[in-house]
Amino acid sequence: MSSSLTRNRSFKLSYCVLALFFIAGINYAQTKTYGQFWNEIQLNTTINNKWSTELDLGTSYSSTESTSNIFQNNIQKSFRGWGHYYLSPRWKLSTFLAYYNNKDVPEIGQYKSPEWRFALQGIYYFHKTGYTLSTRMRIELRHMKNGDDDFENVFRYRQQIKYLQPINSKVLREGVIYAVASDEVYIKSGTKVTGQSFFDRNKFNIGGGYLFTDDIQIELTYANEYLPRNGGNQITNAAALTLTFNNLFKNLNKKSLDKNKTTTNED
């Protein structure tokens with residue numbers, strides 16, 4: 001009974017913290033609001049018990065001031081290659097190199113600004129019975145094209161807190177539904193593309209996911225972003241869909257080998 005009460009108190013405290021971040025993120029004068037859809041496919045591959053790799057493929061769509069259709073414009077396509085190192089059960093260190101094709105969409109104040117992005121990241125996990133609380137720190141170097149057909153370097157720091165709780169189990173595994181919520185603050189150096197303000201944006205996410213198998217899962221969340229910009233502040237309300245596959249090609253190859261072995265034995 002005591003552990004149950006402690007768990008409920010921790011659950012409420014974590015959501016209170018996230019709610020405070022969310023309120024802080026939207027407590028600004030709203031000038032422009034857009035609806036968007038973000039989609040990402042994540043392909044993870046385990047190398048050994050310390051190292052893994054990841055490839056992310058992303059696409060984003062947006063409404064405009066004249067239409068509420070969140071698929072009105074394709075505003076971004078991206079690919080991102082990761083390397084992950086598991087330093088300890090609590091620390092995960094990562095780095096990535098990515099390319100973002102930010103398309104020309106004047107209707108939402110976005111102009112063509114393709115960019116290469118390099119990042120160093122650390123995640124610290126507070127493992128608890130029945131849920132996980134984590135904090136993520138990321139430093140990014142963004143090499144972006146500006147309106148003068150020139151490129152500029154932008155440094156950005158991101159700090160996130162994230163809460164994840166399985167609903168019908170104490171651990172994540174096949175058949176488990178989970179709830180997730182997070183808040184992330186971005187600060188940056190001044191640029192022509194994203195403005196001179198030190199504060200870049202605040203992003204709040206809440207939603208859930210489902211594990212079809214231990215290696216395949218889907219996650220759907222609502223995201224609220226506040227962005228201060230020179231041309232007017234922006235609020236983005238987005239639906240974010242993420243599909244994750246762990247060791248996809250290894251598993252497909254294993255199934256193929258098992259099928260061939262079964263066929264050979266039958267012959």
Side-chain angles (χ1 to χ4, degrees), residues 1-27 35-44 52 54 56 58-61 70 82 84 86 89-92 94 121-138 158-186 201-226 235-248:
M1 184 70 176
S2 177
S3 61
S4 177
L5 287 172
T6 302
R7 179 180 170 184
N8 288 335
R9 286 171 184 168
S10 299
F11 179 86
K12 291 176 182 178
L13 177 61
S14 301
Y15 263 97
C16 284
V17 172
L18 290 167
L20 287 174
F21 275 116
F22 176 59
I23 292 169
I26 63 173
N27 191 27
Q36 295 187 355
F37 177 77
W38 307 337
N39 177 57
E40 186 171 84
I41 297 174
Q42 299 177 349
L43 302 170
N44 302 305
S52 69
E54 179 180 338
D56 299 339
T59 306
S60 298
Y61 299 86
I70 62 174
W82 289 86
H84 301 293
Y86 301 88
R90 292 189 177 275
W91 277 105
K92 177 182 176 182
S94 307
Q121 174 178 287
I123 301 179
Y124 183 79
Y125 296 92
F126 303 87
H127 294 294
K128 303 294 181 180
T129 303
Y131 72 94
T132 298
L133 187 66
S134 63
T135 181
R136 184 179 76 187
M137 299 141 281
R138 181 188 295 177
R158 300 167 56 169
Q159 182 70 51
Q160 182 198 70
I161 182 171
K162 182 177 181 179
Y163 181 89
L164 188 150
Q165 180 173 357
I167 303 299
N168 55 334
S169 173
K170 290 186 178 181
V171 295
L172 293 177
R173 55 181 174 79
E174 181 179 345
V176 170
I177 301 169
Y178 64 89
V180 62
S182 67
D183 193 88
E184 188 168 18
V185 176
Y186 300 57
R201 69 187 66 192
N202 184 89
K203 181 167 70 175
F204 175 81
N205 278 75
I206 189 166
Y210 176 73
L211 279 76
F212 296 101
T213 70
D214 291 342
D215 292 321
I216 302 175
Q217 72 182 72
I218 186 171
E219 185 173 292
L220 180 62
T221 62
Y222 159 75
N224 176 280
E225 273 194 330
Y226 166 73
I235 297 289
T236 300
N237 297 302
L241 178 67
T242 304
L243 289 171
T244 302
F245 299 91
N246 297 320
N247 299 310
L248 176 62

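The residues of the chain are indexed from 1 along the displayed sequence. Scope of the values below: all heavy atoms of this structure, side chains included, with no hydrogens, waters or symmetry mates.
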Closest heavy-atom pair and its distance - V180, T221: CG1-CG2, 3.9 Å
Between D214 (side chain only) and E174 (backbone N and O only), is there a donor and an acceptor less than 3.5 Å apart? yes
Would you sort out whether E54 and H84 count as a side chain to side chain contact (heavy atoms under 4.5 Å, CB included), showing the intermediate values? CA-CA 8 Å; E54 179 180 338; H84 301 293; 2.7 Å; yes
State, to 0.1 Å, how close L211 and R173 come at their nearest heavy-atom pair, and which atoms those are. CB-O, 3.3 Å
Is it true that a side-chain atom of T59 and a backbone atom of E40 form a donor plus acceptor pair closer than 3.5 Å? no
Measuring from atom OH of Y222 to atom CG of N237, what distance do you get when rounded to the nearest 0.5 angstrom? 3.5 Å
For a side chain to side chain contact (heavy atoms under 4.5 Å, CB included) check, start with the C-alpha distance between F126 and T135, then their side-chain angles and the critical distance, and finish with the verdict. CA-CA 8 Å; F126 303 87; T135 181; 4.1 Å; yes
Taking side chain as C-beta onward, heavy atoms only, is F245 less than 4.5 Å from I41? yes
Could you report the tightest heavy-atom contact between N202 and V185, atom names first, then the distance? OD1-CG2, 3.4 Å
May I ask you to decide if W82's main-chain N or O and D56's side chain share a donor-acceptor pair within less than 3.5 Å? no
Apply side chain to side chain contact (heavy atoms under 4.5 Å, CB included) to T132 and Y178, showing your working. CA-CA 11 Å; T132 298; Y178 64 89; over 6 Å; no
Restricting to non-hydrogen atoms, name the atom on G35 and the atom on I70 that form the minimum distance, rounded to 0.1 Å. C-CG2, 3.5 Å
So, using salt bridge (charged side-chain N to carboxylate O under 4.0 Å, His left out) as the criterion, who are the partners of R158 when residues are at least two apart? E140, E184
Among L248, N247, T244, find the one that has a side-chain contact (heavy atoms from CB on, under 4.5 Å) with N44. T244
Inter-residue atom distance N205.CG - E225.CD, 0.5 Å rounding: 8.5 Å
Quick one: pull up CG in L164 and CD in E219 and give me the separation to the nearest 0.5 Å. 7.5 Å
As an exercise, state the distance from NZ of K92 to OG of S52, rounded to the nearest 0.5 Å. 6.0 Å
For the residue pair S60 and W38, what are the closest heavy atoms and their distance? OG-CD1, 3.6 Å
About how many Å separate OH of Y210 and CD1 of I216, when rounded to the nearest 0.5 Å? 11.0 Å
Does Y226 offer a backbone N or O that forms a donor-acceptor pair with the side chain of R201 under 3.5 Å? no
Which atom names give the shortest non-hydrogen contact between Q160 and S182, and what distance separates them? NE2-OG, 3.9 Å
Take T242 and Q42, measure what side chain to side chain contact (heavy atoms under 4.5 Å, CB included) needs, and give me the verdict at the end. CA-CA 7 Å; T242 304; Q42 299 177 349; 3.8 Å; yes
Between CG of D183 and NZ of K203, what distance do you get to the nearest 0.5 Å? 10.0 Å
